[in-house]
Colleague: 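Pasting a structure here, questions to come.
Nothing fancy with the numbering, it's 1 onward along the sequence.
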Amino acid sequence: MTTTSFEDVIVRATTLDDLPVLHVFAASQAQTKLPTIIDYHGWTTPTSSELVASYPLVQAGFRVILPTAYLHGSRTDGTNLDHHPERFWEIVGHSVTEFPQLVDSLVSRGLTDPDRIGVMGTSMGGITAAGVMATQPTVVAGVSLIGSPEPVAFAKDQVAQIPAELLAQLPAELLTKTYAQIDQFDLSAHADRLAGRPMFFFNGTADQMVPYKYVHDFEQRFGDTPALAQTEFHHADGGVHHVPHKMHAAAVDFLHKSVKK
């Protein structure tokens, strides 16, 4: 991967169409139309947690946008998310829905090349990235780190773990509605939408938070189809809910070759 050296890399807290983001870019290319990566953070983690891949992406010639997820950071309404896991899919849905809004703002400002946009994310953000690939056909490539391309299956497994006395308090129609909403960005339900675009998955086989079985099942079901012709599957045997540095490096290289070609 060819890299470019810059005097300064700027991390700017700003908003795009009223959505708070961290905007990471080379000082010498502040107003240059660039290929852009939109990178999503995980559940209850700060937006800045995704800065680990931002500097090498900027070195590779990208502009990087780190959105703050709904109910996180400056978008909180006071909800303690540790006590409200049921808000998880609402938050993912917000991120998937808001993606075009971010892109439109970047393109209208002349900052982003609309033909060279990629998406990535970690954990909840990895689920979001897969959801964006399922709903946004113009995104060139995606990276899902310790996420899941099968959100409906994941959601149903989460519900199955809820104690019976609490589950009885959830209206059946609410669950049905939630599954239907998640299905709209379930990549396993719409694998054809990848349409041969490059996609990169990494998961640990012993991950207890976002189990490996979902990406493994996705690979087994669709890995040999034309839609996944440029999809790469990576895993760490015995790996837990963690992304090793070498996987961040591999993801950056993947995006460089797939988006900035």
Colleague: Could you please spell out the steps behind the side chain to side chain donor-acceptor pair (under 3.5 Å) verdict for S123 and H241?
Modeller: CA-CA 8 Å; S123 190; H241 200 64; 2.7 Å; yes
Colleague: If two hydrophobic side chains count as joined below 4.5 Å and joins carry through other members, does F200 share a cluster with V252?
Modeller: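 Shared cluster, yes.
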Colleague: Considering all heavy atoms of both residues, which atom of R87 and which atom of T79 are nearest to each other, and what is their separation?
Modeller: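 Heavy atoms only, the tightest pair is NH1-OG1, 3.9 Å.
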Colleague: If every non-hydrogen atom of P46 is compared with every non-hydrogen atom of H41, which pair is closest and at what distance?
Modeller: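 Minimum heavy-atom separation between P46 and H41: O-CB, 3.7 Å.
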Colleague: Is the distance from the ring center of F233 to that of H235 below 6.0 Å?
Modeller: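 Ring-ring flag for F233/H235: false, centres at least 6.0 Å apart.
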Colleague: In this structure, would V119 and F254 fall into the same cluster of hydrophobic residues linked by side-chain contacts under 4.5 Å?
Modeller: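 Per the 4.5 Å side-chain linkage, V119 and F254 are not co-clustered.
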Colleague: Run the salt-bridge test on K257 and E232 with the 4.0 Å N-O cut-off and return the result as yes or no.
Modeller: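 The answer is no: the pair does not qualify as a salt bridge.
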Colleague: Side chain of D17, backbone of S105: donor and acceptor closer than 3.5 Å?
Modeller: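 Not a single qualifying donor-acceptor pair exists.
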Colleague: Please answer whether the main-chain N or O of Y70 pairs with a side-chain N or O of H72 as donor and acceptor at a distance below 3.5 Å.
Modeller: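 Judged by distance alone, yes, a pair lies under 3.5 Å.
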Colleague: Short question: side chain of R12, backbone of H23 - any donor-acceptor pair under 3.5 Å?
Modeller: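 No, R12 side chain to H23 backbone: no donor-acceptor pair under 3.5 Å.
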Colleague: So V103 and Q136, do their side chains get closer than 4.5 Å, heavy atoms only?
Modeller: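 With C-beta onward as the side chain, the pair stays apart.
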Colleague: Could you tell me whether the side chain of V92 reaches within less than 4.5 Å of the side chain of F185, counting heavy atoms only?
Modeller: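 Side-chain contact under 4.5 Å: yes.
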Colleague: Would you give the length of the straight line joining atom OG1 of T128 to atom CG of D39, rounded to the nearest 0.5 angstrom?
Modeller: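 Going from OG1 on T128 over to CG on D39, the span is 10.5 Å.
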Colleague: Does the T205 side chain pair with the main chain of G238, one donor and one acceptor, at a distance under 3.5 Å?
Modeller: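 Checked: pair present.
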Colleague: Look up atom CD1 in I117 and atom CG in L106, then write down how far apart they are to the nearest 0.5 Å.
Modeller: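 Rounded to the nearest 0.5 Å, the CD1-CG separation comes to 7.5 Å.
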Colleague: Can you tell me if D82 has over 12 outside heavy atoms packed within less than 6.0 Å of its CG?
Modeller: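 Count over threshold, so yes.
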Colleague: Would you say S148's side chain and E150's backbone share a donor-acceptor pair under 3.5 angstrom?
Modeller: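 Pair found, side chain donor or acceptor close to backbone of E150.
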Colleague: Test your reading of the model: is there a side-chain donor-acceptor pair from R63 to the backbone of T32, 3.5 Å cut-off?
Modeller: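 Yes, R63 side chain to T32 backbone: donor-acceptor pair under 3.5 Å.
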Colleague: So which atom in G204 and which in Y212 form the shortest heavy-atom distance, rounded to 0.1 Å?
Modeller: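 Distance-wise, the nearest heavy atoms are O-CB, 3.4 Å.
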Colleague: Indicate the atoms forming the closest heavy-atom contact of G147 with N203, along with that distance.
Modeller: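 Taking every non-hydrogen atom into account, O-ND2, 2.9 Å.
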Colleague: Are the side chain of R197 and the backbone N or O of V139 linked by a donor-acceptor pair below 3.5 Å?
Modeller: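 A pair under 3.5 Å: yes.
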Colleague: How long is the gap from OH on Y40 to OG1 on T68, to the nearest 0.5 Å?
Modeller: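 Nearest 0.5 Å value for the OH-OG1 distance: 11.0 Å.
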Colleague: Can you name the closest pair of heavy atoms from S258 and V140 and give their distance?
Modeller: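 For S258 and V140, the tightest heavy-atom pair comes out as O-CG1, 3.3 Å.
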Colleague: Using the side-chain contact (heavy atoms from CB on, under 4.5 Å) rule, take W89 and Q158 through it: C-alpha gap first, then chi angles, then the decisive distance, then the call.
Modeller: CA-CA 11 Å; W89 294 108; Q158 288 176 317; 2.8 Å; yes
Colleague: Hydrophobic cluster membership, with links at side-chain heavy-atom distances under 4.5 Å among I/L/V/M/F/W/Y: are F202 and V143 in one?
Modeller: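 In one cluster with F202: V143, yes.
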Colleague: Please report the closest heavy-atom contact between P67 and I38, naming both atoms and the distance.
Modeller: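 Heavy-atom minimum between the residues: CG-CG2, 3.6 Å.
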Colleague: Quick one: does V52's side chain get under 4.5 Å of H245's, heavy atoms only?
Modeller: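 No, side chains not in contact.
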Colleague: With side-chain contact (heavy atoms from CB on, under 4.5 Å) as the criterion, how do V21 and T47 come out once you've worked through the C-alpha distance, each side chain's angles and the decisive distance to 0.1 Å?
Modeller: CA-CA 8 Å; V21 303; T47 312; over 6 Å; no
Colleague: Run L194 and M133 through side-chain contact (heavy atoms from CB on, under 4.5 Å) and show every step you take.
Modeller: CA-CA 7 Å; L194 269 184; M133 291 297 285; 3.8 Å; yes
Colleague: Can you tell me if T36 uses its side chain to pair, donor with acceptor, with the backbone of L34 under 3.5 Å?
Modeller: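 Flag set: sc T36 to bb L34 pair under 3.5 Å.
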Colleague: Which word best sums up how the rings of W43 and F88 line up, parallel for under 30°, tilted for 30 to 60°, or perpendicular for over 60°?
Modeller: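 Because their plane-to-plane angle lies in the 30° to 60° range, the rings of W43 and F88 count as tilted.
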Colleague: Between Q29 and V58, is there a side-chain heavy-atom distance shorter than 4.5 Å?
Modeller: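 Side-chain contact under 4.5 Å: no.
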Colleague: Main chain of L71, side chain of D77: is a donor-acceptor contact present, judged purely on distance under 3.5 Å?
Modeller: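 A pair under 3.5 Å: no.
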Colleague: Please report the C-alpha distance between T122 and T45 in whole Å, then the side-chain angles of each, then the deciding distance to 0.1 Å, and finally whether the side-chain contact (heavy atoms from CB on, under 4.5 Å) criterion is met.
Modeller: CA-CA 10 Å; T122 304; T45 60; over 6 Å; no
Colleague: Would you say the ring centroid of F218 lies under 6.0 angstrom from that of Y214?
Modeller: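 Distance test on ring centres: not under 6.0 Å, no.
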Colleague: Say whether L66 and V259 are linked into one hydrophobic cluster, either directly or through other cluster members, by side-chain heavy-atom distances under 4.5 angstrom.
Modeller: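 Yes, L66 and V259 fall within the same hydrophobic cluster.
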Colleague: Measuring only between side-chain heavy atoms, which start at C-beta, is L22 closer than 4.5 Å to S48?
Modeller: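 In contact.
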Colleague: Same cluster or not: L145 versus I127, using hydrophobic residues (I, L, V, M, F, W, Y) connected whenever any side-chain heavy atoms lie under 4.5 Å apart?
Modeller: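 The answer is no; the residues belong to distinct hydrophobic clusters.
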Colleague: Answer yes or no: is there a side-chain heavy-atom contact under 4.5 Å between R193 and P137?
Modeller: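 The answer is no; the side chains never approach within 4.5 Å.
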Colleague: Is any side-chain heavy atom of L102 less than 4.5 Å from a side-chain heavy atom of L16?
Modeller: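 Yes, their side chains come closer than 4.5 Å.
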